[in-house]
Structure formats: structure tokens, C-alpha cells
Q: 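Have a look at the structure that comes next, please.
First the proteins, then the strands, lettered A, B, ... as listed; each starts at 1.
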Amino acid sequence: MRIGNITDYLKKEIFPVPTRVMAFVGLAALVAFPLIMDQPHILRLMIMIFIFSIFAASWDLISAYTGQVVLGHALFFGVSAYTCAMLNTHFNMSPVMTIPIGAVVAVAAGLIAGFPALRLKGIYLGLTTMAMPVVLVAVIEYMRSYTGGEQGIIGIEQLATSRVHFYYIALLLMVVSIAVLMKITRSKIGLIFQAIRDDEIAARASGVNTTYYKLLSFSLSGLFAGLAGGLYAHFMRVIGPSVFEFSFSFEPIIWTIFGGGASIVGPVIGVFILLPVVEMLHVHLGDNATLIYYLILVIVVVFAPGGVLRLINRYTEKVCPECMTVNAFPRRQCRVCSAKLSAVNGE
Amino acid sequence: MFANIFVIGLLNGCVYALLAAGFSLLFSVARIVNLAYTAYWMIAAYIYLGMTLLGLPSWLAAAVSIILTIAMSLVFQRLLDPVKGNPMSVMILTLAIGVILQKSVSFVQDSVQGVYFQIVPSLIKGSTHILGVAVTYQYLLSLFVVLVILAALGMFLTKTRFGIAIRATSQDKQVAGLVGINEKAVANIVTGIAVGVAAIAGVVVSPLYVLEPWMWLQHLLVLMAVVIFGGLGSLKGSMIAAFIIAFIEAGVVFLLPSVGFLRSAIVMFIMIVVLLVRPRGLFGAMVEEH
Amino acid sequence: MSFLQVKGLTKRFGGITAVNDVSFSVRRNEIVGLIGPNGAGKSTLVQMLMRAQNPDSGKIYFHGEDITRLNNWQAVHRGIAGSFQCTRPFRRLPVIANVMVPCTVRRTGKKEVKTSTQIQAIEIMKKVGIPHLAKTLAAKLSQGDLKRLEIARALATCPDLMILDEPFGGLNPGEIEMLSQLIKDLRAGGCSDSPLDSGGLSMIIIEHKLSELMKIVDRVVVLCFGEIIAEGTPAEVTQNEKVIEAYIGKEGI
Ligand SMILES: Nc1ncnc2c1ncn2[C@@H]1O[C@H](COP(=O)(O)OP(=O)(O)OP(=O)(O)O)[C@@H](O)[C@H]1O
Ligand SMILES: [Mg+2]
């Protein structure tokens, strides 16, 4: 019966839609990947992709969904990474403890960062959040004896004994995080987040307690960014103030815009494409990689403003105008309500 | 001590004020936050340096640098057209442009061996003493030029027909369109002026600093702090904020040398607090939303 | 205990006094028209009632409770909903999602039937006459449809008092006819699961199309330069000399 349900679900909801098939096959491939490929540097790259996918999706939630311009997302990531590193090195706490604590501290950071958002909007909020990591770096450098100052913290314990082991932990956490984030964004909460993004005043006039929902969005975003930060600290085993740099705050924005914002999947696609590209460019071009990387970025933003995800959707699916069911592109009739589908794909 | 603070604060204040004026101008007409703005400042300084290294006389090098920088900015401006409606994409694009400029400079630097690329030669040599502080002639020249440009910009915006047209466009696009102001042309000219201002600053002020390709990011943060502190779009506000921030920085560096490295952080902290108290900055329009 | 009571409400913008010491009340199940020349302060007044703007002085009582210091969303939960003069849709959401937003957060009424927010939203869109637009992005709507969306969204909060700021703006005569009928129906039936026992709904309607407005309102309040210059039934107000004076050169009544 249960198995029947699952195959039924696959037949009805996964196989008729090309992008879902791709996601399904991709996930299966990721599970099987370490069996075929065990080169440490490739596994390392994959683990980074998983960690940064969580990080990027958490920015998507707060900025692309809720419309709160956060330009200092590294704050949440870094706060958690530092919390984990300090608890682990000073108090010998195991990673199983430090990562949840780090994530909770990141939630607290989210609430603090969210406080200005109650009054500030747009670029004003953006700059305030961008300034926060700068202030924190100063604090870290000032409290050298605990934080290691500019040198950072070394000798952090690995979360897993082997790299393959870590790979599966990171993969699992990524899949769970993305699933939870997608669930949230497709729920009533997600609807309210988007309403706040589109027009905060209208949302309030519709009875939405915007203060509560904005702080909720900041906490949730902080939670997942913090999870990513904790994993990062226990994977890299060494962290420094560089986790608070601008570039670290801008990366999730780049991934999200590249992949396609307000979709949770978009930023993940962005990371899966861009991280290997950067790695490859670095191997072949050394320092000039960044130049090419940003040129590619400019080209994509200019020629595919909706991001890669929208591009893929456009050429593989059609949405039924009657019942909003997603259909494969070649279909002429909706697979659920049999309504006629237009030949061209209107966004 | 206080003389030091005054000398450093005054120059930095003037430079920040100039950059803020250009940035505000760009924002008020184009309604975009151009994160590449300080990168134009940086690239102008480097082009000037490169030209002098090639043996061009200073004045010619300066002219070439300013013209090239403006031309570059107008080309990049075109790239923004398709994403005008999406502020986040505009930000990413302008940031990418800044990084591309930075990395291009690094690229040239790395490929030309044996040339020291950090110290820009002064336009005039020598120094004098004012209030017991050693002050180079280059410093006085920079101060003078920056003040002249600031004054000229102010006169231009308030006294000339074209300046008034620009302000009309910034205040109301539709009305400006109705009374026959060509919005596209105005936007191009404003970009030219704003970037030109940054380029001139780059050329005359860079000999006073050690030049690094990545410095534009740090300047960008200070510039954003100045502009937003003063109130986005308020020229008067950003002038005042420029000097406040410059003097705070100088004060921290000279009065609390042990925490001198914290100066950006202190500025940022003060800015966060100010924004919380006055969400639109010191002089931003405090219009209640309706 | 009166339904809505406003006492000495004043609002200044810099030098201008937009609303000056205004007092009036609205009874349960009553439709009040709020008229006055452009810039009279009508929108500012109702924005303060909706708690979207703060008065400089004065008090607002609703169901006997002082709501002067409440938030906008709290006022909505007390039963005051309004539409904006300049429509403010959630642009990147489809119409149905726009209407679902208030449904997801609304207070639960006594007669609340457990229906999904989607069904509630469709019901409301049917009432207002825009069910065919459910899947359209709000950004793509025409002005008339936007006005109806605003009303649908206000209605979806299940209000006891609904404030409409120029609901007929941008509508064609047929649509105005339909909307007038809707307003009359609403006043009779109210929102199906409103906690209000009487079942009916009060309204304040700002409108410049006076001939249409006069057909549906019980009472008219006339605002001029921020002050109430007349108040009464449509027949009384149209005879009032001060009102005619205020409207000279404007439209005929
Ligand atoms: N946010 C604001 N800032 C400054 N002045 C304002 C603001 N809102 C309204 N005003 C002024 O208050 C006065 C009343 O405006 P209001 O919008 O309430 O008029 P109204 O009666 O609704 O006019 P209309 O019929 O044109 O909608 C006007 O003079 C207007 O310029
Ligand atoms: Mg009005």
C-alpha cells in the first residue's frame, strides 16, 4: 500500500514534469556519486556546494521572498561558524552540540539584524546589514584572546571521520533544509512573506502583523545560514575574520540572482553551476579567474534577467492557465484538466 | 594633535563630500544605486598613473584618464538598461562592474613586470608647515581642486538652466517629460558629470594615498555611509555627513591610536545607531508613508 | 455605545493642517459618504481611522474601545478594513493570492466555517466579480479590476466597518452599477462569517462621482479644508449653501 502510494506519486507528480525528473535523477546521482568518484578534492567541492546551497537558499528566503534587502548575510554564517569554533576549541564541545547551538546563535543574530528592518527599508536596510559584519570583525579583532584575532581559530574538530561520511551528512542536511524551506515558502507563511515583499503597507492593511513575520523571516533565514556556517567551520577546521568579508555576503546574492530568485531551487542551481565554474577557472587561470567569473555573471544577468531556473522552466514546461498544473513542454493539453495549452510559453 | 585631526579630517571630508555629491546626483536622476562608483575613482587614478609611466605629461595624463573613465562609465551604463526594473540585479551588475575594473587593474599590474604601481607621482613637489603640521603642496592642491569642483557642481545645479533641468528630472520624471526634458539625454550627461567628478578626484587625490586595486570597496562602504547618513538624495545632508564621518575617523585614529584599526567599525556603528533613530538619515525627507 | 466615534481628530503635514478637529460618528449598518473638494483631507482622515496614519491629536473609538494608538493590522483584527485611493496590490502575486493574504491572518469569527483559505478567497472574488482573474498577476490588472481587487481584499478581512477610498475611480458605468449593487448587498448581508451579530456591515465611502454615491449612502459628511462643513442626508446636503459654494466650478450635484 505504502509502496503503491509512492509509485503512484512518482507517476502522477514527478515523471510528467521534466524539471522534477531532472531533480529526481540529480538527487539519485548525488547519492550514488561517492561510489563512483572518490577523489578527495572533488568530494570537497561537492561538500562545499551542499553547504553553500543552504547558505544561498537562506538568503533567497529573506531577500527574494520577504523583500528585506540583506547585504551582510555573512553575519549569520560567520556568527555561527565562530560560535562553533569557539565552543569546540575552548570547551571541547562536540560538533553535534556546537552546530545546533551555532544555528540558534545565528537566529539571535537574525533577530538583532531584523530589528532595524522594522524601521528601515530598501537600500537603508541594505547598508545597515552590510555594516554589521564590519562592526563584528572589529569586535573579533579586539577580543583576540578568545577569537584568535586576525589569525582566526585553528584545530576545529571534523564533524565526520571520513570525507565520504561528511559528504552524506552534508547532502542529507542540504536536502532536508531545501525541502523545509520549500515547504515554508509554499505555505501560508510564504504567502505572507511575499505580500510583505510586494507592499508592506498593503500587507498591514490586510491584517498582517508585519513585525512578527519580518522577524520570523529573519530568524528562519538566520537559522539556515547558521546551519551552513556551523557545517563550514567543522569541515574547514579553520576559520578567520574572512568569513565576514563583503565577498562572503555577496556570494549568496550572486548565486541567487544567477539561479533565479524567489524559488529556493534557483540559488541551489546557482551554487551547483557557479562553484565548479569558479573552481575550474581558478585551476586554469589562477588569479584572473575572478575577472572571468564576473564577466560571465554580467552576461547572465543581462541576457537572462530571471536567472537560469526561469530559462530552464521556459523551455521544458508549460503552466496550465486553468488549473496551474505544471505540464511538460511538448504537451498540447493539460494533463489534469485537459485544457488547451498555448503553443508559446507565456510567463 | 588636533591640528592633525583637522588637516586629515578636512581633506578626507572634502573628498567624501565630492564623491557623495556625484553619487547622489547619479542616484537622484537614474534612481539606481551604482556600487561601481568608487571603482571609477580607482580606475581613473590607475589610468593616470599608467599614462604618466608611459611618459605623458601630467596634464595630458589627467585629461586622458578623465575622458577614458567617463567613456567607460557610459558604456557600462548601457548594460543596466535591461534590468532597470530590478534593484537587486542592478546592484549585482554594478558590483560586478566594479570587481571587473578592479581585476582588470590587477591583471595589467601582474602582466607588466618590474613596475611599482602603488605610488602616484605628485603633480607638484615640496611641503610647508601649517599650524605646526607638515603639509605637502600636493595636499593643498588637492584640497583646492576638490573645493573648486564642489563649488562648481553646486553652482551648476542651482544656477544654470541645465542644472535646474536635471533637478527637475530627479524630482518628477513624468512632469519633466511633459515639459520637454529629454530624460535619456539628461541621464547620460548626469552619468558623465558624476563619473567625471569621481575621476578628477581620483587623479588629484590619489598621490596622497597608497593605491590598491581593492580599495574601492572600502571607499564604497564609507561613501554609502556618508550618503545614507546624510539622507539619500539630499546634497546638503551628504556634505555635512561627509565631514562628520571624516572627522570621526581622523579623531579615532589620532586620539585612540590603540584602536585605530577599528575606525571603519566605529563609523559603521554610529551610522547604524543614527539610522535607527532617523530612518531616512540626518536630512532625508521624513515623509510619512500613506 | 456607538459603533465608530471620532473626536477632535487633527493631522498636520508641516504647515498644512490636512484634518482639523474633526468629530463625527458612524452607526452600525450605516453607509456614510465622505465628500469634499480635492485636497480636503478625506483620504488623510480615513487613513487615520484605518490606523495607517497617526493623528496629531484626537481620539477614535470603535465598539467603545479607544483604538487611537493601535497598529494598522490590529485595527483590521478589530474589524476595520479599508482600501487605498492609489491601489496597492501585491504586484508579483496572482489575484487569488492577493485575496488569500487577509484570509490567512483574519480573526476567527463566531460563525467561522472551516473552509480552506483558497475557497474563501474564491467566494469573495465571486462576490466582487473577478473570479475569472484568479490566476492573473496583479501587476497586469486594469485600473477597474485593481479597484475591485482592493475591495475584495478588504472584504476578505471580514470587517464590521469597511472604508472605500474612491471605489468608482477608473470604472465604467456598467462596473459602477455592479459595484453599487454589491455595496447594497454587503450592507444587508455583511460578510458571511463575520462575528457581528446583526450580519450587516457599515461603510465609509469617499467618492467624487456624487450622483452615483448619493444613490447608495444613508448620510453624507462634507469635508472642506480639513473641516466638516455639513452633514446630513443626501437631500439635505445637496441643498446646503456652504456645500454648493465649496463645489462651485466643480461638478454639478
Ligand atoms: N504624506 C503627506 N505629506 C504631506 N502632505 C500631505 C500628505 N498627505 C496628504 N497631504 C496633504 O494634505 C492635504 C489633504 O490631502 P488628502 O489626500 O487627504 O486629500 P483628499 O481629500 O483625499 O483629496 P483627493 O480628493 O484629491 O483625494 C493635501 O493638501 C495634501 O497635499
Ligand atoms: Mg484622497
Side-chain angles (χ1 to χ4, degrees), chain A residues 60 63-67 118-119 121 184-217 260-263 266 305-307 310 318-327 334 336-337 339 341-342 346-347, chain C residues 46-47 49-53 70-84 86-94 96-107 116-118 121 132-140 146 149-150 152-159 162-163 165:
Chain A
D60 196 31
S63 289
Y65 266 103
T66 320
L118 301 181
R119 302 206 60 190
K121 263 200 207 81
I184 292 172
T185 52
R186 279 152 185 67
S187 72
K188 290 177 181 180
I189 296 177
L191 178 65
I192 291 171
F193 285 172
Q194 294 180 67
I196 291 176
R197 170 196 67 199
D198 281 0
D199 194 327
E200 203 180 322
I201 291 173
R204 227 175 286 140
S206 305
V208 174
N209 179 350
T210 48
T211 306
Y212 170 80
Y213 281 101
K214 274 183 188 166
L215 289 179
L216 180 65
S217 184
S263 60
R310 303 280 188 295
K318 271 185 231 171
V319 177
C320 169
E322 294 298 320
C323 62
M324 302 305 272
T325 310
V326 181
N327 289 276
C334 175
V336 174
C337 66
L341 298 175
S342 58
E347 272 278 289
Chain C
V46 296
Q47 295 266 313
L49 300 184
M50 284 164 60
R51 305 298 316 110
Q53 282 196 24
L70 290 190
N71 279 324
N72 194 177
W73 63 267
Q74 286 170 322
V76 174
H77 287 240
R78 298 289 194 289
I80 301 181
S83 69
F84 293 96
C86 321
T87 47
R88 311 190 69 131
F90 303 124
R91 302 180 61 80
R92 286 158 71 187
L93 295 178
I96 184 165
N98 270 263
V99 182
M100 276 166 68
V101 170
C103 292
T104 59
V105 292
R106 75 180 174 197
R107 67 211 169 120
S116 81
T117 51
Q118 209 153 354
H132 57 290
L133 294 171
K135 308 287 161 60
T136 316
L137 274 191
K140 292 184 178 160
L146 278 175
L149 172 58
E150 286 269 301
R153 217 170 48 186
L155 213 49
T157 65
C158 257
M162 192 156 86
I163 298 170
D165 199 341

Q: Just how far is it from atom OG of Ser206(A) to atom CH2 of Trp73(C), taken to the nearest 0.5 Å?
A: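 Nearest 0.5 Å value for the OG-CH2 distance: 13.5 Å.
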Q: Contact part of Pro94(C) toward chain A, heavy-atom cut-off under 4.5 Å: side chain, backbone, both or neither?
A: neither
Q: With a 4.5 angstrom heavy-atom cut-off, could you sort out which part of Ala81(C) is near chain A: side chain, backbone, both or neither?
A: neither
Q: Considering only heavy atoms, which portion of Tyr213(A) lies under 4.5 Å from any heavy atom of chain C: side chain, backbone, both, or neither?
A: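 Answer is side chain: those atoms of Tyr213(A) sit under 4.5 Å from chain C.
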Q: Is Asp199(A) salt-bridged to Arg88(C), going by a charged N under 4.0 Å from an acidic O?
A: yes
Q: Rounded to the nearest 0.5 Å, what's the gap from CZ on Arg204(A) to CD on Gln74(C)? Could you check?
A: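 Going from the CZ atom of Arg204(A) to the CD atom of Gln74(C) covers 11.0 Å.
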Q: With a 4.5 Å cut-off on side-chain heavy atoms, are Val105(C) and Asn209(A) touching?
A: no
Q: In the structure I gave you, are the side-chain heavy atoms of Ile201(A) and Phe84(C) within less than 4.5 Å of one another anywhere?
A: yes
Q: Heavy-atom pairs under 4.5 Å with chain C: which of Ile192(A), Val208(A), Ile189(A) has the most?
A: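 Heavy-atom pair counts peak at Val208(A).
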Q: What heavy-atom pair brings Ala205(A) and Thr157(C) nearest, and what distance separates the two atoms?
A: O-CG2, 4.4 Å
Q: So which of Arg92(C), Met100(C), Lys135(C), Arg153(C) has the largest heavy-atom pair count under 4.5 angstrom toward chain A?
A: Arg92(C)
Q: Going from CG on Asn71(C) to OG1 on Thr211(A), what distance comes out if it is rounded to the nearest 0.5 angstrom?
A: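 Nearest 0.5 Å value for the CG-OG1 distance: 6.5 Å.
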Q: When you compare the side chain of Leu93(C) with that of Leu191(A), does any pair of heavy atoms fall below 4.5 Å?
A: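 Sidechains of Leu93(C) and Leu191(A): in contact.
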